[in-house]
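Order of listing sets the numbers, starting from 1, for every ligand and every atom in it.
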Amino acid sequence: MVKRVKTAVFPVAGLGTRFLPATKAMPKEMLTVVDRPLIQYAVDEAKEAGITHFVFVTGRNKGVIEDHFDRQFELETTLETRGKLKALEELRQDLPSAGRTSFTRQQEPLGLGHAVWCARDIVGDEPFALLLPDMLFKGRRGVLKQMIEAYETTGGNVIAVEEVPHQEVSSYGVVGRGAGTDGGFAITEMVEKPKPQDAPSNLIISGRYILQPEIFSLLADQPRGAGGEIQLTDAMQTLMKSQPFAGVKYDGQSFDCGSKVGFLAANVAYALDRDDIAEDFLAALSKLGLIDGMKVAAE
Ligand code: G1P
C-alpha cells in the first residue's frame with residue numbers, strides 16, 4: 001500500500017514580471033480566466049484529487065491570496081440580503097475547509113526548488129502534491145487526479161508530462177522516457193531548460209508533481225542551476241538515483257498561463273465552454289470577424 005497524498009503545495013511567490021503592469025500590486029495567481037483566479041483552478045484540481053491540506057508558499061504583496069481563501073462576511077451578508085443565494089453557495093464551495101490552509105513565505109526569489117523547500121516543515125515526512133498555478137489544464141478529469149491514480153499503482157514520485165514542439169523545450173524541464181505506457185513510464189533523466197539539441201526528448205515537465213519527502217533534504221544543499229536559481233528539477237535528478245520517478249501523459253489540454261498568449265488562449269477556451277456566456281461571447285467574436293476560427297476551437 002502506498003502512502004496517501006493528502007497535502008498539496010502551491011508555490012505562489014513569483015513576481016509575475018511577464019504580466020506587468022497588471023501584476024505590479026496584484027499577484028499573478030489572481031489573474032482571472034473568465035471569472036476565476038488562476039490559483040482557484042489549481043485548488044479546485046487538488047480538491048478533486050482528494051487533497052485536504054493546502055499549503056501556499058507566498059511572498060511579499062501576496063496577502064490577497066490568503067484573503068481569497070477566507071470568508072468575506074460583508075460580501076456574504078450582502079449577497080444573502082439581495083437573494084443571490086446561488087452566488088453565495090458557489091463562493092462557499094470554493095473555500096478549503098476551516099483550518100486546512102497553511103501559508104509560509106519564500107523570503108527571497110531563489111527559484112522553484114527553494115520555494116518547495118520552504119514548505120518542508122509544514123509538509124513533514126509525507127508524500128505531497130505540487131501544483132504550479134501558471135499551468136492550467138482543461139479536460140474531463142483533473143490532471144492531479146489522473147496522477148494520483150497512477151501513483152496508487154507505481155508509488156514513488158510521479159510527474160505529469162506533455163509533448164511540445166522540439167524548439168520549445170528550452171522553456172521547461174525535460175524528461176527522458178524509459179519503459180512503460182503513456183499512462184505511466186519510467187523517467188530516465190531530467191534536465192532543466194536544456195538547449196533543444198541537448199534535450200533527452202520533447203516531453204516537458206508540466207507543473208504537476210507527486211513527490212516523496214526525501215526531496216527536501218536534497219533541496220537543502222542544492223547548488224544553483226539554470227538561470228542561477230535553485231532548481232527542483234536538479235534535486236529530482238539526484239533523487240532519481242534512489243527512488244523511481246514515473247511520467248504520466250495526461251488526458252486534457254494545457255495552457256501555460258505564465259505566457260500572455262497561453263493566458264489569452266485559456267480565456268477563450270474557458271469562455272467558449274461556459275453555458276452562461278458562450279453564445280454572447282461568440283457573437284462578440286463574430287463582430288471582430290473571428291467567428292469561423294473560434295467555432296473550430298470550440299468543437
Ligand atoms: C518550472 C519548472 C520546469 C517546468 C515548468 C512548468 O519552470 O522549473 O521544470 O517545466 O515550471 O511550467 P518555470 O516556469 O518556473 O521557469
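- Checked by atom type, the side-chain pair Asp251/Gln146 shows no donor-acceptor distance below 3.5 Å.
- Within 4.0 Å of ligand 1, the residues that place a heavy atom are Leu112, Leu132, Met135, Tyr172, Gly173, Glu192, Lys193, Ile205, Tyr209, Gln231, Thr233, listed by chain and number.
- Here the closest heavy-atom approach between residue Phe137 and residue Ser206 is recorded as CZ-O, 3.3 Å.
- The closest donor-acceptor contact from the side chain of Thr23 to the backbone of Lys28 lies at 3.5 Å or more, if one exists at all.
- Classification of Arg177 and Asp182 as a salt-bridged pair holds, one side-chain N sitting under 4.0 Å from a carboxylate O.
- Note that Lys138 lies outside the cation-pi zone of Phe255, set by a 6.0 Å cut-off to the ring centre and a 45° limit from the axis.
- Of the N and O atoms on the side chains of Gln72 and Glu76, not one donor lies less than 3.5 Å from an acceptor on the other residue.
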